[in-house]
Structures are given as structure tokens and as C-alpha cells.
Protein chains: 2
Amino acid sequence: MLIFSFVRRLLKSIVIFRLINSLKEMKKGNITIKDLARELNVSPSTISRALKDHPDISPETKKAVKELSEKLNYQPNSVALSLRQSKTNTIGVIIPEIAHFFFSAVISGIEDIAHNAGYHVIITQSNESIDREMMNTKALFNSRVDGILISISRETNQFNHLQQLIDAGTPVVFFDRVVESINACKVIVNDEQGAYEATTHLIEQGYYRIAHLAGPQNLTISNNRLNGFKAALADNKYMIDDNLIKICGLGTYEEAEAITNELLDYRFPPDAIFANNDVAAYGAMTAIKKRGMKIPEDIAIVGFSNWRFSSLIQPALSSVTQPGFKMGQEATRLLMKQINLGKDEEAITETISLKTNLVVRESSLKRPSEQV
Amino acid sequence: MLIFSFVRRLLKSIVIFRLINSLKEMKKGNITIKDLARELNVSPSTISRALKDHPDISPETKKAVKELSEKLNYQPNSVALSLRQSKTNTIGVIIPEIAHFFFSAVISGIEDIAHNAGYHVIITQSNESIDREMMNTKALFNSRVDGILISISRETNQFNHLQQLIDAGTPVVFFDRVVESINACKVIVNDEQGAYEATTHLIEQGYYRIAHLAGPQNLTISNNRLNGFKAALADNKYMIDDNLIKICGLGTYEEAEAITNELLDYRFPPDAIFANNDVAAYGAMTAIKKRGMKIPEDIAIVGFSNWRFSSLIQPALSSVTQPGFKMGQEATRLLMKQINLGKDEEAITETISLKTNLVVRESSLKRPSEQV
DNA sequence: ATGAAAGCGCTAACAC
DNA sequence: GTGTTAGCGCTTTCAT
């Protein structure tokens, strides 16, 4: 009688214990290795080893551990792991703007490679502000990301925060908007070649008075594009007419519109315009349309493209597009290479230059000879 | 003499120690609280407290600590913090596709709110695959993110992984593509109202035979849009002609093109088309153009928009656009609310329905009365 | 084949 | 006002 009662109480307390236990687990859903250990009467280390198929562990133990972990839906805590191994399996990305076709394509490429390599991707945007870029660099560093991919903001004119990052040993890869003066891995678009191709294409189509709406000359990309433009003219024995090269320093489409109007007012106006970017192309298009002129019958346009206005101009105009997805992929590959570098191997500082794509819209380019 | 020599040796050893120390720090750039403590001959806890302006710490100590931490550029290790507080200050996002205008706008909205709340954002994409979606859910859970924002993949037809997540206590907010059967926070677009507005707009412009290219009727959104369309007709005392409602089940533009051709072959063809999505709109546009008909002189089109084809149709056609940025913001706000909920407060399960925007292109809509 | 113990970097309850 | 200690969850020597 007494024994019976004792056993009953024991059972009851066990049941209650289990109940409380599972309730607790329900509530915070965080089963740990300790929990498994307690349940199976082994030490945490055994669980840890069993879960990773360590050869020392007996098959029975392994089986038991795996079954229980399955049953309780044990999920390892990556944060603890990160702390232990000083490795987060996470990379950080800093870009000027997310909702931008080019950059979202880049992110997609980054995620593609990172995911396959077992890495997470933390996205931050600088919104073209250097302050925010600095905050993001610091925050990502504090999160101990294993590497950082960055395209600098338009405002960024000093680079201490980036140099510090590199000096602290964080692998960094720059893409698209890179810092010339920093010795690091970079992935860029071959703007010069893109501009060269676009201009050559215009020439091949028979255009002979091609203007260029250039970007601010302190930006490397603007300069490269201008150089590509000039090189194409030179290689085709065209004269370089400085009156047909106009710098749009503000970057607004109103400016481009005004400048295009100047060009159109020439006694011998251009028959084609190569625009440094889509904003300029849009401005040019606006000016032309307002005059009741037709594209491409009266004048052709090709522009480097970019998201903000692309939905407005892409269908109408030919463009030189940047390979965003590929850029994301290549940058991430480069980063992975650096991350997996042995401690004592020397850092790599490769620069990859990607080709642009020339997208020709029939409606925007015709041989003048085919015009009425 | 002897004393002098001793002092010199002492100084020398100190200098060497410092040198080695700073070299070590240079190499891995990871100054810890312990390092600061050792340097200042205080305990780590004092450093910790001094850095967070704990009232117990003397002003002098605080000053010394802050100066040193500044000098050595100490950066707290967020991983350790996360482990300690079981809080990562990170939220996870699972979307079908990143390089999609709508979704990148959503991400941007998410990052906006998250950043201001001091959170990081981890982006993962499911690529419309349920397997990958499940992997991502698990990986994010393992990373112990403080909450998850998700738009389910097109393939997702069972929801255990999501229900488990919620049961485990992870705050979850669904957006755009939500799961009806799960009780959780959701942010959606009011498709019915959007369709209603677009249709009403066509009616107001004087169109009187409006066809609808509908989507597969198992998708809630298609159904909602169809309902909005019908409601607008009904409210304007238009007859609902089932012959003018065509379901495009495949979702290809070729299908939409073929169906549009059917419509155009009617003895009394429609004078306007309201397309369930941009693919359908594009198909309709193609069919119309191939017949040499003009938009909108011969027939008008309005479509729900979405990125893939938007650069092709947006400039030409009016559209109903989804507020991606705002959706990201609202979803994140909702998530933050849940995260900041006291342990014992009951979960919230709010649903927010956002308005669409009707974007009217002059070139795509004219009063028939103004036609020749 | 398994356990005990230390430690990744930080904080907070508890001493003194 | 400051130090000691324990512990977040996990791995990994070193014992046994």
C-alpha cells in the first residue's frame, strides 16, 4: 500500500516534471544541447559529438541522440556557434539604394553565391549619405560579419572608415562605385568599352554627328565613358568636335533638357546623342519630343541605363546596360576567396572588369538612309 | 648604476610588451573589454559599466575607459551580446525574388524602418521554391533572428514550417502573398479596391464594353481583382457580360495574346481591357498592335503592374501599382510591435490592407468621344 | 566511448 | 565604486 502510493507519487511528479518541461519548451521553443543531454543522461559534449557524427561516439548513442533531437526539433543556436568559432557565416552589403534595378540585381547575384556557400546576407543602404555609410560599416563590423561588399555613396569623399575596416582584417570587396586609392578587390563595369561599343554602333548605323551628354568629370565612370566615346570616334576617323561634348554636372534631367536644346539650336545639330546616363537620356528625349521631333527619324539616342527612369526610356531608346546580377556574383566569389584565405597567406587584390550589354531597340535606331 | 640598469631593463620590457600587444591587436583588430581592463588595471565589469555610463562608476574611471576605448577603437562584439541577451537585433526576410521591382521596393521599406529601430535585415530569397523557403526559414530561425517577414513562394501549398516558426514563438508577419489559414499579422494590398478604381476610371472615361483578362481563380488576388471589376460594373449599372471575362490560367503572355485575339474577333469587340496583371496586359498589347490597331484610339488597356514587363508596358499603358515601399514599412512596424511585446501579453494578429495607386498615362486612355 | 572543464565576449546579480 | 562569479550555447582539449 505504502509502496504503491509512493510509486504513484513518483509517477505523478515525473509526469508533472515532463509537462512543465515541455510547456517550457513550447513557450520559448529553444531546445539546447543541454536539454538533450539531461533527457538522455549523457553529457552535452556527447550530444555535440553525436550530432556531428564524431567517430568516437557509439552507434547506439548516436541513434538515440538523433532521434531525440528530431523529435524535439532541436535547432542549433548559430549565435553561440558564431561566438565560439569567431565566424558568423554572414556577409554584409552596403549599397546606396536598394529599390534600384541595378542594385537589386546585384543583391540577387550576391545572395545566389552566398547562399550556395552557406552564408547569410545582411543588407544595409547608405541612401547616398556618407554618415549612414559609416554607421553601417561600424554596425556590420560589430556584428562580426565575415566580409563586406560595398558600393560607396555619392557623398563619400574620405575613406578612413573603409581603410580601417580593411586594416582590422575584414575582407572587403568594392563593386561598381569603387575607391581608386584603396588597395582591395574590386569589381567594376568596363564603362569605357561600353561607351565605345555604343558609339561604334551609332557610327555603323550611319550617324555622323554624334553628341555626348557627359557626366561630372570628377566621377571616374563619367570620364571613362567620355574616353570610350572619344576612342570610338577616333578609331573611325571621326573628328572630335568639342561643341558636341556637353558636361551635365548637376545630374538632373532638366539640365540635360536645357543642354539638348542648346545642341538642337546649332546650325548643324547632332543626328544622334550618346547620353552618359539615363537621366541625361531622359532629358534629351524630353527636349526632342517637346520640339515635335521624332526619335529616331530626326535624331537617335543611346544612353547608359539605370533604374530610376528606365521604365520611361528603355522601350523607346537603345541602352548600354550594366550586368548587375553577374557583378553581384563575381564580387561575392571574390569575397569568399578572401574569407577562405589561410591566416598567413597574403591578401588578394584582384580587380574584375565586366562587360556591358548593348540593348538595341528597333524604334530608337535607324540608318538615316532609311529615313524618309 | 645597478638600479639604473634595472630600470632600463624594466622600461625596455614594458615597451616590448606594448609593442607585441599592439601588433597583436593590429593583426586581428579585435579589442575586447578584457584588453581594456588589463590595460587600465580594472575589472572587465568596470569597463562594461563605464562604457554604458552606469551611475556607480566614478567620473575619472569613465573618462579613462572612454578615452582608451576611443584610442584603441574598441568595437563591442554584437555576437557575444546577442548570445548573452538572447536577442540579435536582426530580422529575417524571405521573398520569392529580389530583383523584382515590387520586392526590392518592399525591402527598401523594411530596411528603412528596421534601421531606425536599430535592427539589421537579413535577406533570403526562395526563388519560388518551397524547398528553399523551408531551408531559409530554418536557417533564419537558427540564426535566432528576432522576427521574420515573409512573402510565400508560388509553390508553397503546405505551411507546417511557418506554423512551427510561430509556435516556437518567433514573431512573423506575412506580406503580399499571405497564408489565409494561418493566424498571424498580415499586410496585403487591397486588390479588389484597386480593380474597382481602375474599372471605374475606364467607365468614367466613357468606355462601355470593358473586358477583363482574369488570373487563375485559385489565387486569392485574381479573385479579388475580378470581384473589384464586377463590383465597379454593377455600381455603374453596367451589365456583366461573361463573354468579356476571360481567365488566363497559364500566366503566359502568349496565352493572353491568343485570348485577346478571341475578344477582338467578336462581332462587338471590347473597347477597353482591364488586365489582371502586367503579363496579360503585355499579351493584350501585342495582339492589338499586331492587328495594326492603336492604343487607346481603338482600344484602351489598364493592367495591374509588376516588374518583369513593366519597363515594356508602363510608358504605354495605365496601370494599378502596388505600394511596395509602404508595404515593407507597415510589415516591419507590425513586426516591431510583436517583438516589443511583453512575454505575457497576447500575440497580435492585425491585418493591414493597403491602397493601390492608379497611374494614368495620357497615351493609353482617351475618351472615345475624343477619338476621330 | 564518454565526461569535465575551459573559454568565445559580454553582462548582471551579488559581494565587499 | 569596483571586483568576483556565473552563465548565454556551443565546441574542444584533456582526462579517464
Side-chain angles (χ1 to χ4, degrees), chain A residues 24-25 28-66 68-69 72-90 141-146 168-169, chain B residues 24-25 28-66 68-69 72-90 141-146 168-169:
Chain A
K24 203 172 59 188
E25 283 159 14
K28 276 280 327 151
N30 282 339
I31 317 284
T32 73
I33 266 187
K34 268 190 189 168
D35 296 327
L36 302 183
R38 202 183 331 106
E39 206 80 359
L40 292 176
N41 281 316
V42 294
S43 78
S45 16
T46 304
I47 304 285
S48 169
R49 284 186 272 239
L51 287 173
K52 34 179 42 187
D53 266 327
H54 192 101
D56 277 359
I57 302 296
S58 76
E60 309 91 71
T61 314
K62 277 185 190 169
K63 188 154 165 281
V65 169
K66 285 179 182 167
L68 186 66
S69 95
L72 262 48
N73 192 25
Y74 165 75
Q75 297 296 132
N77 184 328
S78 319
V79 179
L81 235 178
S82 297
L83 182 60
R84 182 75 232 270
Q85 343 238 56
S86 351
K87 178 141 190 352
T88 51
N89 283 298
T90 300
F141 179 81
N142 291 357
S143 298
R144 297 298 188 269
V145 291
D146 296 333
Chain B
K24 205 172 60 187
E25 282 160 14
K28 274 287 319 157
N30 282 338
I31 317 283
T32 71
I33 267 186
K34 268 190 190 169
D35 297 328
L36 301 184
R38 202 184 332 105
E39 206 79 359
L40 291 177
N41 281 316
V42 294
S43 78
S45 22
T46 303
I47 304 285
S48 170
R49 283 187 273 239
L51 287 173
K52 34 180 42 190
D53 266 329
H54 191 103
D56 277 359
I57 302 296
S58 74
E60 308 92 71
T61 315
K62 276 185 190 167
K63 186 152 166 282
V65 168
K66 284 182 183 165
L68 186 67
S69 96
L72 263 48
N73 192 25
Y74 163 76
Q75 296 297 130
N77 184 328
S78 320
V79 180
L81 234 179
S82 297
L83 183 61
R84 182 78 231 271
Q85 342 239 56
S86 354
K87 178 138 189 355
T88 51
N89 283 298
T90 300
F141 179 81
N142 291 357
S143 298
R144 298 297 188 270
V145 291
D146 296 333

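Just so it is clear: chains get the letters A, B, ... in the order the sequence lines come, proteins before strands, and each one is counted from 1.
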In whole angstroms, how far is the [atom2] atom of [N] from the [atom1] atom of [X]?
X     : N      : atom1 : atom2 : answer
A/I57 : C/dG3  : CD1   : C1'   : 10 Å
B/K62 : D/dT2  : NZ    : C1'   : 13 Å
B/I31 : C/dG9  : CD1   : P     : 11 Å
A/H54 : D/dT12 : NE2   : P     : 10 Å
A/N89 : D/dC10 : CG    : P     : 16 Å
B/L36 : D/dT2  : CG    : P     : 15 Å
A/I47 : C/dA1  : CD1   : C1'   : 14 Å
B/D53 : D/dG1  : CG    : P     : 14 Å

Hey, does [X] reach any base, or is it just sugar-phosphate, or nothing, if we go heavy atoms under 4.0 Å?
X     : answer
A/N41 : sugar-phosphate
A/S82 : nothing
A/V42 : sugar-phosphate
B/I33 : sugar-phosphate

N or O in side chain of [X] less than 4.0 angstrom from [N] OP1/OP2:
X     : N      : result
A/T61 : C/dA1  : no
B/Y74 : C/dC10 : yes
A/S43 : C/dG3  : yes
B/K34 : C/dC8  : yes
B/T46 : D/dG3  : yes

>> Only Watson-Crick and G-U wobble pairs with both distances less than 3.5 Å should count. Give DNA chain C in dot-bracket notation, marking inter-strand partners with |.
In response: ||||||||||||||||

Would you give the length of the straight line joining atom [atom1] of [X] to atom [atom2] of [Y], rounded to the nearest 0.5 angstrom?
X      : Y     : atom1 : atom2 : result
B/F141 : A/N30 : CZ    : CG    : 5.0 Å
B/L40  : B/L68 : CG    : CG    : 5.0 Å
B/I47  : B/R38 : CD1   : CZ    : 11.0 Å
A/H54  : A/T61 : NE2   : OG1   : 12.5 Å
A/R144 : A/L83 : CZ    : CG    : 10.0 Å

> Within a radius of less than 6.0 Å around NZ of B/K63, do more than 12 heavy atoms belonging to other residues, nucleotides or ligands occur?
Replying inline: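 Counting other residues, nucleotides and ligands, NZ of B/K63 stays at 12 neighbours or fewer.
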
> Checking B/S78 side chain against A/N142 main chain: does a donor-acceptor pair fall under 3.5 Å?
Replying inline: yes

>> For a 4.5 angstrom cut-off between non-hydrogen side-chain atoms, does A/D53 reach A/K66?
In response: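 Sidechains of A/K66 and A/D53: in contact.
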
> Looking at side-chain heavy atoms only, is the closest gap between A/V79 and A/S82 below 4.5 Å?
Replying inline: no

> If you check every side-chain atom of A/N77, which of C/dG3, D/dT4, D/dC10 has the closest atom?
Replying inline: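 Out of C/dG3, D/dT4, D/dC10, the nucleotide with an atom closest to A/N77's side chain is D/dC10.
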
>> If we count only N and O atoms by modelled type, under 3.5 Å, do the side chains of A/S45 and A/S48 hold a donor and an acceptor together?
In response: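 No.
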
What N/O pairs connect the protein and nucleotides 12-16 of chain C at under 3.5 Å? Give each pair on its own line.
residue, atom, partner, partner atom, Å
C/dA13, N6, B/R49, NH1, 3.2

